[in-house]
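Counting starts at 1 for both ligands and their atoms, following the listed order. Values in this document were obtained by computation on a predicted structure and should not be read as measured data.
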Amino acid sequence: MRKKIIAGNWKMNKTVPEAVQLAREVVEATKNAACEVVLCPGYVCLVSVASAIQGSHVKLGAQDVHWEEKGAFTGKVSCAMLKSAGVEYVIIGHSEQRTYFHECNETVNRKVKAALRAGLIPIICVGETLQEREAGRTESVCEDHVRGAYQGLSRQDALRTVIAYEPVWAIGTGKVATPEQAQEVHAFIRRLLGSMYDSEVSAGIQIQYGGSMKADNAGELLGQKDIDGGLIGGASLQAQDFKGIVLSC
Ligand code: PGA
């Protein structure tokens with residue numbers, strides 16, 4: 001049985017004091033969570049949020065990472081730096097990174113390998129644009145993202161990853177995928193993992209849905225057999241909205 005994971009991706013929102021405040025509220029509001037709860041604040045907020053959630057059920061995630069261990073990479077943050085700040089999860093290959101910051105399958109793959117080497121759990125984002133969906137390319141795009149991200153990964157490594165299926169057209173748009181549309185792609189990704197590895201890997205990897213998930217649509221989405229949680233943007237910025245999703249698990 002896969003445990004569901006609800007992760008809040010705060011993106012470029014919240015100053016340090018605001019992040020600490022929200023983290024405290026989330027700890028309180030989600031005390032009775034049946035799922036794993038993860039908060040992914042901006043880099044500068046990680047250390048303070050780590051203290052705010054210390055000793056609670058809430059886990060810390062980052063929104064990106066660089067693949068090199070150290071060196072002259074101005075502006076970048078390494079896996080070791082994240083680990084030392086108390087981070088356990090890291091979002092890799094988010095569509096905003098792919099769209100605005102030249103993220104590609106190769107950089108995703110390098111980041112996933114670096115994260116696994118450092119003992120971080122990568123949350124690997126995959127998903128099609130509206131144009132790709134309308135062209136009937138949803139499955140081929142997701143397959144390309146998944147194969148690219150898992151290139152060279154052993155089955156043991158694969159079992160330490162999480163996937164987030166995020167249709168780009170549903171991110172921040174209010175246009176949520178229907179539970180059936182999401183389930184169809186999740187099932188496809190799970191079959192793909194089975195063909196790349198084996199049935200244990202396919203059954204073991206948690207696949208979150210992301211894209212305009214809110215308290216009022218979370219229950220139906222999370223009720224689908226292959227949807228193992230959510231990666232939440234907008235609705236993770238208020239503790240009460242986020243709580244509504246967490247309690248739908
Ligand atoms: P959204 O973002 O919930 O605001 O659509 C999800 C994400 O980008 O992870």
Partners meeting side chain to side chain donor-acceptor pair (under 3.5 Å) with Asp228 (sequence neighbours left out): Arg2, Arg190
Presence of salt bridge, Arg137 and Glu128, under 4.0 angstrom: no
With sequence neighbours left out, write down each residue that passes salt bridge (Lys or Arg N to Asp or Glu O under 4.0 Å) with Asp198, or none if nothing qualifies. Arg155
Would you please write out the protein residues whose heavy atoms approach any atom of ligand 1 to under 4.0 angstrom, listed by chain and number? Asn9, Lys11, His94, Glu166, Ala170, Ile171, Gly172, Gly211, Ser212, Leu231, Ile232, Gly233, Gly234
Look at the side-chain heavy atoms of Ile, Leu, Val, Met, Phe, Trp and Tyr, link any pair under 4.5 Å apart, and say whether Ile92 and Leu60 land in one connected group. yes
Any residue meeting side chain to side chain contact (heavy atoms under 4.5 Å, CB included) with Arg160, in chain and number order, not counting sequence neighbours: Leu116, Asp157
Glu106 bridged to Arg110 by N-O distance under 4.0 Å: yes
